[in-house]
Amino acid sequence: MTTTAFKEPVTQAPSGAAARESRRRAGRLRRASLPYLLLLPALLLELLVHLVPMVIGIVMSFKELTQFYIRDWAGAPWSGLGNYRMSVNFDAPVGEALLHSFFVTVGFTLLSVGLCWLIGTAAAVFMQDTFRGRGLLRALFLVPYALPVYAAVITWVFMFQHDNGLVNHVLHDQLHLTGKPSFWLIGDNSFYALLTVSVWRGWPFAFLIVMAGLQNIPRELYEAAALDGAGMWQQVRRITLPSLRPVNQVLVLVLFLWTFNDFNTPYVLFGRSAPEAADLISVHIYQASFVTWNFGTGSAMSVLLLLFLLVVTGGYLLFTSCGRRPSADV
């Protein structure tokens, strides 16, 4: 008689290997999510500090927000595109003043950025050679950039004084370059005073960035060029400037945005009312908002400024990226 044994299926309990694999997956998930959790406070602060005020400013630009609605700005009458029409109506006083301020700002920005880049690049190239006291000279070059803006500009205010300022003392009393002491903080000379302070504060940043970029250029290139008979100017033209092109592209854009939006320098230098020759658009928008108490018009001007800078930045990035493609393909 044959006996057949029937085996019941055995249900296996979760093995230790499966539990360890589950714990490893949870650990990998926690490690992958940790960077995002660490970035979350910064993102929330960015949202509160920048994006929320930007959205509120855009909403304000569509309202007739004057001093009568400061307590309840959300209840101000809706004006639609009225503030924008007033700002771009260049035949009216408001639009004409804004256009003049825009041209002054463009001219000031181009001159300031160009001089900052030129002086910073020349100083960085000069500081590449080793000589006694180079470290001390580098530290002195960075002093204008390291000083607080208010302390530095207030010092220039005293230097530009008409009667007892250092600038008039040197130019008029010692060098005799002017027939009489000049007024630097009013009139047409205010533009040159503002440009001087801006360049004095900005060129050390260009010097620092260019000097860092020069560290990536192999010294063998200069040695080979010197053996071939290339002079200093040829080395700068053929080696230094082409090698610094990516650095300069970013540097020029940053300097442009900083200078075009600069508010602290003209405000501390001239006060709440800047001279017509130095009426930068940042101070002009401040006056339109906080001096005349027309926050709707000031917000519309701010939005127009934002759009202009976005267009310029996008066009600049597109132009520079197109300029890099042929060299990349070769």
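Side chains included, hydrogens not; waters and symmetry mates left out as well; all remaining heavy atoms used. Computed from a prediction, not measured in an experiment: that's the story for all the values here.
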Report yes or no: do [X] and [Y] form a side-chain donor-acceptor pair below 3.5 Å?
{"X": "T265", "Y": "D262", "answer": "yes"}
{"X": "Y222", "Y": "T240", "answer": "yes"}
{"X": "H169", "Y": "D173", "answer": "yes"}

### Task
On the 0 to 90° scale, with breaks at 30° and 60°, tag the Y267-F263 ring pair as parallel, tilted or perpendicular.
parallel

Beyond-backbone contact of [X] with [Y], side-chain heavy atoms, under 4.5 angstrom:
{"X": "S182", "Y": "W184", "value": "yes"}
{"X": "L305", "Y": "F260", "value": "yes"}
{"X": "V153", "Y": "N264", "value": "no"}
{"X": "T297", "Y": "M86", "value": "yes"}
{"X": "M159", "Y": "N168", "value": "no"}
{"X": "L280", "Y": "L194", "value": "yes"}
{"X": "R201", "Y": "T196", "value": "no"}

Within the distance-only criterion (no hydrogens, no angle test), does the side chain of [X] pair as donor or acceptor with the backbone N or O of [Y] below 3.5 angstrom?
{"X": "N89", "Y": "R85", "value": "no"}
{"X": "N83", "Y": "K63", "value": "yes"}
{"X": "H162", "Y": "F183", "value": "no"}
{"X": "T109", "Y": "T105", "value": "yes"}
{"X": "S321", "Y": "L318", "value": "yes"}
{"X": "T320", "Y": "L317", "value": "yes"}

### Task
Sort and list the pairs that fulfil ring pair (Phe, Tyr, Trp, His ring centres under 6.0 Å) and have at least one residue in residues 93-116, not counting sequence neighbours.
F102-F308

### Query
Restricting to pairs with a member in residues 196-219, which pass ring pair (Phe, Tyr, Trp, His ring centres under 6.0 Å), not counting sequence neighbours?
F141-W203, F141-F207, Y145-F205, W156-W200, F205-W258

Residue pair [X] / [Y]: nearest heavy atoms and the distance that separates them:
{"X": "L48", "Y": "P53", "result": "O-CD, 3.2 Å"}
{"X": "V247", "Y": "G213", "result": "CG2-CA, 4.2 Å"}
{"X": "Y84", "Y": "S61", "result": "OH-OG, 2.6 Å"}
{"X": "S243", "Y": "P246", "result": "O-CD, 3.7 Å"}
{"X": "C116", "Y": "S198", "result": "SG-O, 4.1 Å"}
{"X": "P204", "Y": "V199", "result": "CD-O, 4.5 Å"}

Distance-only donor-acceptor pairs under 3.5 Å for side chains of residues 270-279, two or more places apart:
residue	atom	partner	partner atom	Å
D279	OD2	H284	ND1	3.2

### Query
Mind checking whether F295 and Y69 have ring centres under 6.0 Å apart?
no

